[in-house]
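Quick note: residue numbers are just sequence positions, from 1.
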Amino acid sequence: MTTADPLSIARRYHDEWTSKNYDRAIEMLAPTLTIEVPINAYPTPESFARALQGFGELVISVDVLAEMSGGDEAMLLYDMQVEGVGELRVAEHFTVAGGKIVRLRQIHDTAAVRAAGLAA
């Protein structure tokens with residue numbers, strides 16, 4: 001596996017933000033990044049970066065359950081403990097081009113996030 005393959009990039013991004021190295025995680029996002037999440041809207045990479053840092057500060061622990069890739073895509077499935085939310089299972093689907101994440105899709109149950117007041 002090279003450092004430029006989609007799974008390595010997705011995993012490095014994940015490792016950076018969950019280690020609270022937000023600047024390094026954000027550097028991995030393309031300026032043309034498209035974000036698809038079940039709640040809230042992030043029309044720019046900058047708006048997503050602010051949300052990532054804010055939410056990341058609430059994350060207590062993360063346990064990666066599965067990862068896979070094919071072509072220019074990768075997926076991570078993980079459980080995390082989040083302050084004020086509890087356990088949250090997340091699936092993230094990444095599309096990578098030119099060594100950057102160009103699309104990020106995230107799927108998770110929104111009930112706990114909404115109950116915690118983290119939905120806009």
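- Glu92 is linked by a salt bridge (charged side-chain N to carboxylate O under 4.0 Å, His left out) to nothing, counting only residues two or more places apart in sequence or in another chain.
- Using a 3.5 Å distance cut-off with no hydrogens or angles, the side chains of Glu57 and Tyr22 do pair a donor with an acceptor.
- In this structure, OH in Tyr78 is found 12.5 Å from CD in Glu67, a value given to the nearest 0.5 Å.
- Taking every heavy atom of both residues into account, Pro45 and Pro31 meet most closely at CG-O, 3.4 Å.
- There is a path of hydrophobic side-chain contacts, each under 4.5 Å, that joins Val64 to Met28.
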| said: Using the rule given for side-chain contact (heavy atoms from CB on, under 4.5 Å), can you reason through Val59 versus Phe55, listing the C-alpha separation, both sets of side-chain angles and the distance that settles it, and then say yes or no? | reply: CA-CA 7 Å; Val59 174; Phe55 185 78; 3.9 Å; yes
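- By the criterion of side-chain heavy atoms lying less than 4.5 angstrom apart, applied directly or through intervening Ile, Leu, Val, Met, Phe, Trp or Tyr residues, Ile107 is not grouped with Leu7; the two fall into different hydrophobic clusters.
- Smallest separation of non-hydrogen atoms from Met80 and Val62: CB-CG2, 3.9 Å.
- Interatomic distance, CD1 of Ile35 versus CD1 of Ile101, reported as 8.5 Å (0.5 Å rounding).
- In summary, Glu73 and Arg103 engage in a salt bridge, as defined by a charged side-chain N under 4.0 Å from a carboxylate O.
- Residues Ala25 and Leu52 share a closest heavy-atom pair of CB-CD2, 4.5 Å.
- Ala97 and Val102 make their closest contact through CB-CG1, 3.9 Å (heavy atoms, listed as atom of the first residue, atom of the second, distance).
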Exercise. Does the side-chain contact (heavy atoms from CB on, under 4.5 Å) test come out yes or no for Ile26 and Phe48, once each step is laid out?
Worked result: CA-CA 9 Å; Ile26 293 161; Phe48 180 71; over 6 Å; no
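- The two residues Val90 and Gln106 make their nearest non-hydrogen contact at CG1-CG, 3.5 Å.
- In this structure, CD on Glu36 lies 14.0 Å from OH on Tyr42, to the nearest 0.5 angstrom.
- With rounding to the nearest 0.5 angstrom, the CG atom of Asp23 is 15.5 Å from the CH2 atom of Trp17.
- In this structure, Val82 is not a member of the same hydrophobic cluster as Ile60, with clusters built from ILVMFWY side-chain heavy atoms closer than 4.5 Å.
- A distance of 11.5 Å separates OG of Ser69 from CE of Met75, quoted to the nearest 0.5 Å.
- Hydrophobic clustering (side-chain heavy atoms under 4.5 Å, transitive across Ile, Leu, Val, Met, Phe, Trp, Tyr) groups Val37 together with Leu29.
- Ser47 and Thr44 make their closest contact through OG-O, 2.8 Å (heavy atoms, listed as atom of the first residue, atom of the second, distance).
- Under a 3.5 Å cut-off, the side chain of Lys100 and the backbone N or O of Glu27 do form a donor-acceptor pair.
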*Are Val85 and Leu58 close enough, and set up right, to give a side-chain contact (heavy atoms from CB on, under 4.5 Å), and what steps lead you there?*
CA-CA 9 Å; Val85 175; Leu58 300 175; 5.8 Å; no
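- Asp63 CG to Leu77 CG: the interatomic distance, rounded to the nearest 0.5 Å, is 9.5 Å.
- In this structure, the side chains of Leu76 and Phe94 come closer than 4.5 Å at one or more pairs of heavy atoms.
- Not a single donor-acceptor pair under 3.5 Å links the side chain of Ser19 to the backbone N or O of Glu16.
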